Amino acid sequence: MKLRASDLSKQASSADVIYDALRDAIIRGEVGEGEALRQDTIAQMFRVSRIPVREAMQRLEAQGLVVSERHKGAVVASLSVEQITEIFQFRALIEPIVIELAVPLMSEETLAEAQRHCDAFAAETDPLRWGDLNRAFHRALYKDSDKPYFLSVIDKTNDLVERYVRLVLYFVQGMRHAIDEHQAILDACKARDAATAGQLTRKHIEIAGEKLVAYLKSQKP
């Protein structure tokens, strides 16, 4: 199991750190679907009791990243093609609304930050970094919307499909298309054209979802 473990024996926020480490490992695909998360093993890795591990597991289960299975305990959750389709449909509804709300409020600092993420994404050659930079770009464009609840829901929803988004970027030439789509969305934001930014965001998400579903279906025996 790949986890960024550390000695938490003297730290008060053990459950938070364990939760963050497990969450990152799951959304990055470093812990595979269906893989068991043994509380004893994780507790030993972080040098803590099972109590903060159990708390972290409960939070992950509430978020939908972990499920409890009979005879196996906590395992990394998997999503069906139907669930992934529904999640992308939801994203295509809410994220365009949020970016449209954000565009009139975007500061020059936000636009510059988004451009840096956009450029870094286009220049990155390490596939392991693509997902992080992709998400940072979108977060930058949404953050000025002044809709904290919407942003929280978007973040949790993206956690569920993050490891699948990475498949799109890596296996189906998603990077090449995403680079152009990102810049087009950002250009609309810079022009303060909220409607176009929303339309391009919706198309961007719909295309990614369609490519992902097609890829997953092609991998089935």
Side-chain angles (χ1 to χ4, degrees), residues 1-8 14-48 50-91 121 124-136 138-139 153-175 178 205 208-221:
M1 184 187 301
K2 294 181 179 178
L3 288 178
R4 295 170 179 81
S6 57
D7 185 352
L8 299 180
S14 301
D16 289 341
V17 177
I18 295 168
Y19 166 81
D20 288 338
L22 288 169
R23 171 186 167 276
D24 288 348
I26 292 170
I27 67 176
R28 288 171 177 268
E30 295 168 350
V31 184
E33 294 181 358
E35 184 171 341
L37 300 173
R38 306 293 183 191
Q39 291 189 22
D40 287 340
T41 301
I42 295 169
Q44 290 172 5
M45 292 173 69
F46 288 93
R47 301 181 68 178
V48 295
R50 291 178 59 182
I51 294 173
V53 178
R54 190 181 305 118
E55 181 182 333
M57 292 290 193
Q58 289 170 346
R59 291 170 60 185
L60 290 165
E61 188 168 0
Q63 195 173 345
L65 294 174
V66 167
V67 294
S68 295
E69 291 188 358
R70 203 172 192 179
H71 307 305
K72 291 184 70 175
V75 301
V76 177
S78 60
L79 294 175
S80 66
V81 168
E82 291 74 22
Q83 288 172 314
I84 292 171
T85 299
E86 185 177 356
I87 289 171
F88 272 86
Q89 289 172 339
F90 176 75
R91 288 187 59 205
F121 180 81
E124 184 58 62
T125 58
D126 181 0
L128 295 177
R129 290 277 296 143
W130 291 345
D132 296 333
L133 292 169
N134 175 67
R135 198 153 173 184
H138 286 283
R139 277 176 172 160
V153 171
I154 289 172
D155 211 37
K156 291 176 182 178
T157 302
N158 277 285
D159 277 354
L160 294 175
V161 292
E162 175 71 17
R163 58 193 187 271
Y164 300 100
V165 170
R166 292 167 188 261
L167 293 178
V168 175
L169 295 174
Y170 187 75
F171 287 110
V172 293
Q173 296 184 322
M175 272 294 290
I205 294 169
E210 290 167 2
K211 287 181 177 179
L212 173 58
V213 168
Y215 171 77
L216 292 175
K217 287 181 176 179
S218 73
Q219 299 304 301
K220 287 189 174 183

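Model, not experiment: these values are computed from the prediction.
How far CD of Gln63 is from CD of Gln58: 14.0 Å, rounded to the nearest 0.5 Å. A distance of 11.5 Å separates NE2 of His138 from CG of Leu133, quoted to the nearest 0.5 Å. Note that CZ of Arg50 and OG1 of Thr41 are 10.0 Å apart. Values are rounded to the nearest 0.5 Å. Here CG of Asn134 is found 11.5 Å from CZ of Arg129. Values are rounded to the nearest 0.5 Å. Here the straight-line distance linking atom CG of Leu22 with atom CE of Met57 works out to 5.5 Å at 0.5 Å rounding. Here the straight-line distance linking atom CG of Leu212 with atom CD1 of Ile87 works out to 10.0 Å at 0.5 Å rounding.
Smallest separation of non-hydrogen atoms from Val67 and Ala77: CG1-CB, 3.9 Å. Across all non-hydrogen atoms, the minimal contact from Trp130 to Glu124 is NE1-O, 3.0 Å. Ser78 approaches Gln83 most closely through the heavy-atom pair O-OE1, 4.0 Å. Residues Ser14 and Val48 share a closest heavy-atom pair of OG-CG1, 4.0 Å. The minimum heavy-atom distance between Leu79 and Glu33, with the atom names listed, is N-OE2, 4.4 Å. Heavy atoms only, all atoms of each residue included: Ile27 and Glu162 are closest at O-CG, 3.4 Å.
At least one side-chain heavy atom of Met175 sits under 4.5 Å from a side-chain heavy atom of Phe121. Counting heavy atoms from C-beta outward, Asp155 and Arg135 have side chains that approach closer than 4.5 Å. Counting heavy atoms from C-beta on, the side chains of Val76 and Leu65 never come closer than 4.5 Å.
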For this session: Decide side-chain contact (heavy atoms from CB on, under 4.5 Å) for Ile26 and Val66; before the verdict, give the C-alpha distance in whole Å, the side-chain angles of both, and the deciding distance to 0.1 Å.
Result: CA-CA 9 Å; Ile26 292 170; Val66 167; 4.0 Å; yes
For this session: Would you please test Phe90 and Ile205 for side-chain contact (heavy atoms from CB on, under 4.5 Å) and show each step?
Result: CA-CA 10 Å; Phe90 176 75; Ile205 294 169; over 6 Å; no
Exercise. Under the salt bridge (charged side-chain N to carboxylate O under 4.0 Å, His left out) criterion, do Arg59 and Asp20 qualify, and how do the steps go?
Worked result: CA-CA 10 Å; Arg59 291 170 60 185; Asp20 288 338; 5.4 Å; no
Problem set entry | Verdict with supporting geometry, Glu86 and Glu82, side-chain contact (heavy atoms from CB on, under 4.5 Å) | CA-CA 6 Å; Glu86 185 177 356; Glu82 291 74 22; over 6 Å; no
For this session: With side-chain contact (heavy atoms from CB on, under 4.5 Å) as the test, would you mind laying out the steps for Val161 and Phe88 before giving the verdict?
Result: CA-CA 9 Å; Val161 292; Phe88 272 86; 4.3 Å; yes
